[in-house]
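Below you'll find the structure, written out as structure tokens, and then a few comments.
Only this structure's heavy atoms are used, side chains among them; waters, hydrogens and symmetry mates stay out. Remember, predicted model here, so these are calculated numbers, not experimental data.
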2 protein chains.
Amino acid sequence: MLRPTTKDLAKEAGVSRATVDRVLNGRDGVKEKTVTRVNEAIAKLGFVRNIQAANLAKSQKYRFVFALPRSGDQFKDEIIRHIEEAGATFAEDLVWCDVHQIDENDPHSIAAFLTSLDPKTTSGVAIMAPETPQVRDAIYRLEQRGVAALPFISDQTTMKDHWVGMNNHSAGATAANLIGRFSNCAGGSIMIIAESMQSRDSLERRLGFDAEINENFPNLRALPSLETYGNPDRAQDIIESAFRNNSDLVGLYVLSSEARPPLSVVQELIGTTDLIKIAHERTPFTESALKSGNLDGIIAQNPGHLVRSAVRKLKANVDGRQAKGSQERIRVEVILRTNL
Amino acid sequence: MLRPTTKDLAKEAGVSRATVDRVLNGRDGVKEKTVTRVNEAIAKLGFVRNIQAANLAKSQKYRFVFALPRSGDQFKDEIIRHIEEAGATFAEDLVWCDVHQIDENDPHSIAAFLTSLDPKTTSGVAIMAPETPQVRDAIYRLEQRGVAALPFISDQTTMKDHWVGMNNHSAGATAANLIGRFSNCAGGSIMIIAESMQSRDSLERRLGFDAEINENFPNLRALPSLETYGNPDRAQDIIESAFRNNSDLVGLYVLSSEARPPLSVVQELIGTTDLIKIAHERTPFTESALKSGNLDGIIAQNPGHLVRSAVRKLKANVDGRQAKGSQERIRVEVILRTNL
DNA sequence: TTGTAAGCGTTATCAA
DNA sequence: TTGATAACGCTTACAA
């Protein structure tokens, strides 16, 4: 039942523990033949290294920075809250988490920030920012310098599936599915409100939404996306005019992560209504809207899970491991009044 | 940035590290005054013990047993699969997981098994079994002997909120909510199929279901629960007769964790239909039923999360810690065709 | 290219 | 009631 140690490996391979360590960590300056012998011993004994002991010896500590947009509302607050909570949870693994605010619309300043990170003090960064050439390059250079980088919530195409966040296509499709099924017998049009359609996330949600509507709900029609650009006056104007011009509305989909600003406008404009309303992310606002019947469903990604998954992935990266499979998939959660 | 160590504590309190260790671990044979001094030093320096180093020194290993019912179908298989996966994930924390099958309907044999567990080889047990006096007592004695015990999926009232599983009242209510909203304009009755209504879990789901229907869907009527007792012939009979006697059916709720047996019977009896069907737990069967339109929604608890949460809670218990809050809440998940 | 020996932060076994 | 001292499994100077 006792796992073999480096001592056992050393004996088996007829070398010292220092040499075993060199092989285990891929350091060079070891004869090819010795490497082979050690590797054979590893295979033969079924050696699994004790990471905790290794960390103890190295006095390894991890400091991770979460780079989040300075703008934002309650969803951002939730994320920050969970970063703090994760800091407490992972403290025993010698992990520290910090939040750094970035200007999401200023790629140069983001790149400058990433460039300024010192591998000596920072083990990794989780980055929530839209994809731009500057940021993409900065991430690349960061990893060259030995700082782990991980796209967070906002996708970066270059990183393939190395990122943390939910499948936005599926999220949009699920919003459409809910509106379609909840409206059942009725036909009509659906208003879609976004902060901006510039980001990949928004596009994917919209694509998923349209695909689902077109495929399964022929009597529903998704209107063009209204973009608020985070401007309350503009939001007021375009939403009001959309209500005027569409008398057959049956549903409303708030596609952006921060649901409060647009939904407040809507609530003020039309008050209670039997319009079916779906929004993203669980926050104090969406939660209470759900309870009061002002919202029919929330499509959410679990903020705690997002943060912990990011920490585990960054840590695995630093340790030179692969993060474990199914745990890291971020679910597209459906939250209704009954499963708050 | 460096955390204080026992060495710092010893210096601060003017004692040796051995004494610090005694105080930290609540061992006795230390003068009251010394204890106070060490505790003051802990508070003053903000000492946080390094569990990894402690485990290394103790050569601490954790062996957890999952006691699962021998009967069961695909949901049980999913659980077992995730126990194996968790075994791999937690291997680096020196955690081993084993599965042991129990006869869920034979409380004496369950109690005997629990009694047979040796604290030397077993750190804790996660128990999935209905509550009975015998099991309750065995759990109590188990904990006296220093083996951590944790009700798993099946609730045990005596353990208060020390268990792992979803809120079954909320789960039932969510099933009702979905059927209610999906059926929208239609009124009628809802068939409810359970394996048995003996267990607390079933009762709570049923209570939640009824509460939601009564409160929010006055035009719907939940029929008495059909109990299959896990017997295919009986299932066939009672389901067939229920279909005969209720011409106004609009929905069907399979309340038990294993949905395949009853749903297979239903599929054979009525084929495709526009009856709204909701079942529990994500398995290959329910997944494919959702895809093919034979099922409208799944109410699920994430099996991987269940297992990992159990491991973390047992481990925290062994370490004499409290498990961390929000991470351990098992969500009532709603799974639709679009967010599989 | 390899080995020796000290050290990481805790616990355990003695002896005092 | 306390304190030395040696582990635990691994890394890391420094020496050979």
Within the structure shown, what part of the strands sits under 4.0 Å from B/Val15 by heavy-atom distance: base, sugar-phosphate, or nothing? sugar-phosphate
Quick one: CD1 on B/Ile51 to CG on A/Leu94, what's the gap to the nearest 0.5 Å? 10.0 Å
Just how far is it from atom CD of A/Gln144 to atom CD1 of A/Ile139, taken to the nearest 0.5 Å? 13.0 Å
By side chain to side chain donor-acceptor pair (under 3.5 Å), A/Asp21 pairs with (sequence neighbours left out) A/Asn25, A/Arg27
Cut-off 3.5 Å, side chains only: do B/Glu92 and A/Gln52 have a donor facing an acceptor? no
Side chains of A/Arg63 and A/Thr122: donor-acceptor distance under 3.5 Å anywhere? yes
For DNA chain D, which nucleotides open and close the run of contacts to chain A, 5' to 3', at under 4.0 angstrom from a non-hydrogen atom? D/dG9 to D/dT12
In the 5'-to-3' direction, what one-character label does each nucleotide of nucleotides 5-16 of chain C receive under the scheme B = base within less than 4.0 Å of a protein heavy atom, S = sugar-phosphate only, - = no such atom? --BBBBSB----
Hey, does B/Phe47 have a side-chain heavy atom less than 4.5 Å from the side chain of B/Val38? no
Report the relative orientation of the aromatic rings in A/His100 and A/Phe113; use parallel for angles under 30°, tilted for 30 to 60°, perpendicular for over 60°. parallel
What's the verdict on salt bridge (Lys or Arg N to Asp or Glu O under 4.0 Å) for B/Glu78 and B/Arg282, showing C-alpha distance, side-chain angles and the deciding distance? CA-CA 9 Å; B/Glu78 285 295 302; B/Arg282 178 184 190 142; over 6 Å; no
